[in-house]
There are 2 protein chains.
Amino acid sequence: MIVPIYIYIALIAGILSILMALLFAKKVMKADPGNERMVEVAGYIEAGSITFIKRQYVTLAIFVAVIAVALLFIPSPLEDEVRPIVFMNWEQSMTYVIGALASMWAGWLGMKVGVKANTRAAQACTKGAKEGFDVAFFGGAVMGLAVVGAALIGVSLIYLWIPNPFIVLGFSFGASSVALFAKCGGGIYTKTADVGADLVGKAEYKLPEDDPRNPASIADNVGDNVGDIAGMGSDLFDSYVASIVAAMILATALVLGPELPLFVILPIVLCGVGLIASLIGIYIIKWAGSEEPGKALNSGTYLATIIYAILAALIIWVMSAGQIASVAVRLWRNYLATVIGLASGIVIGFTSDYYTREDRKPTKNVALAAQEGDAVVILSGLSYGLISVAPAAIGIVIAMAIAYMLDGVLGVGMAAVGMLAIVGTIVANDAYGPICDNARGIAEQGELGDEVIRVADKMDSAGNTAKAITKGFAIGAANLTVLALMFSFAHEAGIEVIDLLSINVLIGAFIGVVAPAIFSALLILAVQRNAGKMVNEIRRQFEENPKILTGEEPADFNKCIDIATKGALRELIIPSIISIILPLAVGILFGVAGLAAFLAGSILSGFVFAIFMSNSGGSFDNAKKWIEDGNLGGKGTDTHKASITGDTVGDPLKDTAGPSINTLLVVMSLTASIFMGFLLAFNHGAGLLSIFL
Amino acid sequence: MIVPIYIYIALIAGILSILMALLFAKKVMKADPGNERMVEVAGYIEAGSITFIKRQYVTLAIFVAVIAVALLFIPSPLEDEVRPIVFMNWEQSMTYVIGALASMWAGWLGMKVGVKANTRAAQACTKGAKEGFDVAFFGGAVMGLAVVGAALIGVSLIYLWIPNPFIVLGFSFGASSVALFAKCGGGIYTKTADVGADLVGKAEYKLPEDDPRNPASIADNVGDNVGDIAGMGSDLFDSYVASIVAAMILATALVLGPELPLFVILPIVLCGVGLIASLIGIYIIKWAGSEEPGKALNSGTYLATIIYAILAALIIWVMSAGQIASVAVRLWRNYLATVIGLASGIVIGFTSDYYTREDRKPTKNVALAAQEGDAVVILSGLSYGLISVAPAAIGIVIAMAIAYMLDGVLGVGMAAVGMLAIVGTIVANDAYGPICDNARGIAEQGELGDEVIRVADKMDSAGNTAKAITKGFAIGAANLTVLALMFSFAHEAGIEVIDLLSINVLIGAFIGVVAPAIFSALLILAVQRNAGKMVNEIRRQFEENPKILTGEEPADFNKCIDIATKGALRELIIPSIISIILPLAVGILFGVAGLAAFLAGSILSGFVFAIFMSNSGGSFDNAKKWIEDGNLGGKGTDTHKASITGDTVGDPLKDTAGPSINTLLVVMSLTASIFMGFLLAFNHGAGLLSIFL
């Protein structure tokens, strides 16, 4: 098959993106890292982050090696020749490893720059808000650009090498293995440290946030880097690639005629266009971001959306030239589906924003509930989180319906692609958050004075607003993506209907609906177990050495970092294995139709749990901040204490369990697609239990 | 159609049951109501309960009247003649009203006896544990027997009048309208009072449980009656009738041949047998219940199960005599399906018990987590609640699969019937709980001394153990029942497949999965809003009249009762309307296939939320009790305080939102079936949006 030249748009955009990332990284490195104390603190954070990532990558390497070997033995999607049983599927196995390496590299670079940017951003704040914003934003943009660049280069080169979407699927699966570890491990790490630091330092000893006397303060900062930068980056890398591959597979199945090659590369091309839009968006934010950082970040997102819509229309216009009318119309319909997807992503982001902002009714009610005590604030936050699922679900349902009207399930797949087209901007905005959070901590520890901390605070709060939106976006995008993957899996497995009146389908759907609940509970318990150890360690340090509290002697940060690191790596194993084993078990027992229903069930309930947990957590967080700003009596009151309890409950919901569900869904869907040939071997795909049912 | 005479087994068992209920009621009334103070307190509780139920029944009457009129205008399931447009469907409308009245009568009688039994049980405890147990257990048995008797008499008389299961469906819908109000209203009432009493009385003023100085203490006791007796009773009335009707409809659709009449009445007959087994079980409990009340209640359940299995086998043996081999085999297969259903109900009850008992690992871990503070205990309890969904889901999935193997979807319907066959015992055990809870409070207020309170405490704790099991049972039973209703709806609507690859089905399933989350959040917020008012009222009383706290002047109970009553009635309106409107809207827009998928989605996610919420709440409750028994430092410690926060969060989860989901599911499924003719009018059942999708 001849690959249309439009694919080079994506390749060139990808290379451009990586070059820009390296350029931004250099800019950040050149900035002034600040005074000795700041460099020291930043050094601790960097060392802690690097140690964690290194150890995580070692565990990951073993996992990837096992899967890569397993992949060698499953039937190849390439039916070009009779293959030996060993190395039967070497291409997919290879692209799997490449996908894992690409995602690891992007995560590594982003985090490496992130831990350099924090102290430099803090120092830049002494010169002014604009300078501080620039450093933090460039630092975050490195992650965004590296992720998107590596993903697009990978996808387009692999497709140019072997023009078969299933070979690209290997790349996607590799990326999602990394995301699973980064998200679960990073999520457990960051909240172990955060919850531990809050429970003892803030609640028991009344230390302020980021106080250097708190032994877990460095681990808390490390957590922001490994969880929120590396974790979120690899999560979106994962969704991004998966959405492209899903749409490619759907196009292969659903486009009949000579225009097929054009439609298969369309997702790649439009993502290339989206990347260019993101690059422009990033420059707009940089230019506008001095005064109102929060507004700037959001405007950048909206502008990138508009630029995408215009540029993509141009390229569709070019591509449709010379095509027959029906093909041209179909190209335009697919284009519209991407725009609908993108718009719905923004709507979901907006609803997340509404439910988590302290100046809107829900979060204000959560704050007011804190006056009635700990239990009432919890009930209130959990309830609004659940209710916030409704508007987000309506948004995605409308997007799904319109996309379907435009071009059936291929339209749905393209909506997912559209939603993720400007992911460069999204990741950049997201990574900006933890850099500012760290910068604020370093400014505190480096004693840069109240004015600088105030500037850093403002930057930090802009990061939080952006984070609410990006999180909603990430959930919506992952959801549409896995839906597209489910459709593509069903098509490829030759499933005509997934009939809920068949018992194997119903049971598959049942297990699917249950899975995200269990998965998130395992992660929350992991955080809780680990945080318990952290709490004991902090209490031990304060009790055994009272000089820590007076500030005469430094706390033992490393002990806390060690607890968080070891715990996170130990606790991520079981959830990771579940996400691979469970879909395989369902497929083997209940057949591919049961497995497809399992995926559908997990997607729907995963959406509910992910939105619920993210928004509850965000609402608790901002209710607490609102009270800390002096409302309802402000800091030190019982109301404040209750709001801290709420925040502590919300932390693992919003930063560990909720966002990990995305990755779970993608990994499970990809596992199904990758191992389809293997699953079809059990009673021709009807499953082992089909003889009874 | 000639109705086989076996149906009279059910009718006679039903009449017997009502007679026994009246006999037990008389026995309870004859017992000594205790000293003057006790009679006074019991009088307050009775007056409060009666007031609430009366007001609730007034609101309910309006609701029932509106629906009854609406039912007149929908197409009749009887196609015997051309009917006028008005009164087109008078039979279903009439049975709807009868169903509502029957359920109201059973709830009324059960509660009326319950509020008489509490003080008498407390007084009997002064004579000994056996005497106390007898009164409390007889009091609870009245509810159990009245529910089952009224249901069976209603179902069999209606079917003898018009032998068409769809006319019986009206009766079921009537019962479920009552259940919706009783469950939501009662659930909001009981937790408004409980949470309010705990937050101020116990947490702020350190008053013991049931302290007469607490202004909300009477409302709390009233809540136990209206929520746990009347609410739970009408919930199981509802599931019980629905499971019978669903199996009857499935038999009509799936049994072809002269044996049809036999299979249609089989669910009624087997429930009659189950009722006889329950009666025997109740006598066994009464006889054995003196020393170990907890064990006695559970043994009664197991024995009723075994007796059911034996008696039902006998009747099947009689029924299959003279039938051709294939019919006889099918009768036995259906019998086995009921046994499997019953066994799986017990398994689900067991897992609920395991996850909520303080001497098992999960709840012990929740208690240990309380040492780390309020937030950690919450995270721990929520997580274990989520994890507890897994074994329960496995139990129901296995039951479903085996039942399906035995006789397809009819087998699944019969499994639901089996699960509910011994519901008389279940309701009796359940209603025993709040009577003991009340008795304990009255013993406290009547100053009967520590020894009597100890006896009452022991009885109370047995009630709690039984409650965990009955709740798991109720959720499992409702789930299988609505599954059977979904199948019967699909059959009747002529749906061949419910294909998740169709967009309207997928969207329907999506909305279905979201619905229980929103519904429960609305109920929790309702409790929270109402509890807030209660908290303010209690604080106001303590502040304005310090003599209340010293015990010199009585608290103003009526004000608290009034807040709980008005709030509960106001707050139940919106959730009630949603449960009728939502399925209709989905059916109108996305067609009957979309609606069937909506039901399936809501069943699966409803199961997850119901089990999660019930078990989390139960675990919080027992973790607190375990600490109050002197573990981990006992009462008054920070650990205890954290466990109270856990319990307060768990209260509306386990007693309002979780159990209401059952009723929501049944009402939505019945709404779909009842209004099917109406929904088929929109694009021949394809839905209004079918022209676009």
Side-chain angles (χ1 to χ4, degrees), chain A residues 195 199 203 369 372-376 378-380 382-384 386-387 389-390 393 397 400-401 404-405 409 487 490 495 497-501 503 505-507 509-511 513-514 517-518 520-522 524-525 527-528 531-532 535 596-597 600-601 604-605 608 612 645 648-649 652 689 692-693, chain B residues 195 199 203 369 372-376 378-380 382-384 386-387 389-390 393 397 400-401 404-405 409 487 490 495 497-501 503 505-507 509-511 513-514 517-518 520-522 524-525 527-528 531-532 535 596-597 600-601 604-605 608 612 645 648-649 652 689 692-693:
Chain A
V195 170
L199 277 177
E372 315 280 343
D374 295 39
V376 182
I378 302 287
L379 288 172
S380 180
L382 295 179
S383 304
Y384 279 112
L386 284 170
I387 287 175
V389 175
V397 158
M400 242 163 69
Y404 190 90
M405 271 161 54
V409 292
F487 283 130
I495 300 168
V497 291
I498 308 175
D499 180 13
L500 278 172
L501 294 175
I503 198 77
V505 167
L506 191 62
I507 291 175
F510 204 150
I511 302 173
V513 168
V514 173
I518 308 297
S520 30
L522 289 176
I524 298 170
L525 280 181
V527 170
Q528 190 227 314
V535 162
L604 304 185
S605 108
V608 172
F612 153 52
T645 301
T648 312
V649 169
L689 292 185
F692 302 112
L693 293 176
Chain B
V195 170
L199 276 178
E372 315 281 344
D374 295 38
V376 182
I378 302 286
L379 288 172
S380 181
L382 295 179
S383 304
Y384 279 111
L386 285 171
I387 287 176
V389 175
V397 158
M400 241 163 69
Y404 189 90
M405 272 162 52
V409 291
F487 283 131
I495 300 168
V497 290
I498 307 173
D499 180 13
L500 279 173
L501 294 175
I503 198 79
V505 167
L506 191 62
I507 290 175
F510 205 150
I511 301 172
V513 168
V514 174
I518 307 297
S520 30
L522 288 175
I524 298 170
L525 279 181
V527 169
Q528 190 226 312
V535 162
L604 303 185
S605 110
V608 171
F612 154 51
T645 301
T648 312
V649 169
L689 292 185
F692 302 112
L693 293 175

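Throughout, protein chains are lettered first and strands after them, A, B, ... in sequence-line order, and every chain is numbered starting at 1. On a predicted model such as this, the values are computed, not experimentally measured, just so you know.
With a threshold of 4.5 angstrom between heavy atoms, B:A517 approaches chain A through its backbone and through its side chain. Looking at B:L382, only its side chain comes within 4.5 Å of chain A, counting heavy atoms on both sides. For B:F510, the parts lying under 4.5 angstrom from a heavy atom of chain A are both the backbone and the side chain.
Once rounded to the nearest 0.5 Å, the distance linking OG1 of A:T645 with CG of B:D374 reads 4.5 Å. Distance CD1/A:I503 to CE/B:M400: 4.0 Å, rounded to 0.5 Å. To the nearest 0.5 angstrom, A:L604 atom CG is 8.0 Å from B:L500 atom CG. Taking CG from A:L522 and CG from B:L386, the interatomic distance works out to 9.5 Å, rounded to the nearest 0.5 Å.
Comparing A:I378, A:L379, A:L506 by how many heavy-atom pairs each has under 4.5 Å with chain B, the most go to A:L379. Chosen from A:V535, A:V497, A:T648, the residue pairing most often with chain B at heavy-atom distances under 4.5 Å is A:V497. Your options are A:A509, A:A597, A:A375, and the one with the most heavy-atom pairs under 4.5 Å with chain B is A:A375. When each of A:L525, A:V608, A:I524 is scored by its heavy-atom pairs under 4.5 Å with chain B, the top score falls to A:L525. The greatest number of non-hydrogen atom pairs below 4.5 Å with chain A, out of B:A401, B:S520, B:A600, B:G373, is found for B:A401.
Panel note: side chain B:D499, backbone A:I498; a donor-acceptor pair is recorded below 3.5 Å.
Closest approach of A:L501 to B:A490, counting heavy atoms only: CD2-CB, 3.8 Å. The heavy-atom pair separating A:I387 from B:A521 by the smallest distance is CG1-CB, 3.5 Å.
A search for ring-ring contact (aromatic ring centres under 6.0 Å, His included) contacts involving B:F487 returns nothing, not counting sequence neighbours. Residues passing the side-chain contact (heavy atoms from CB on, under 4.5 Å) test with B:A369 are A:Q528, B:V376, B:S380, sequence neighbours excluded.
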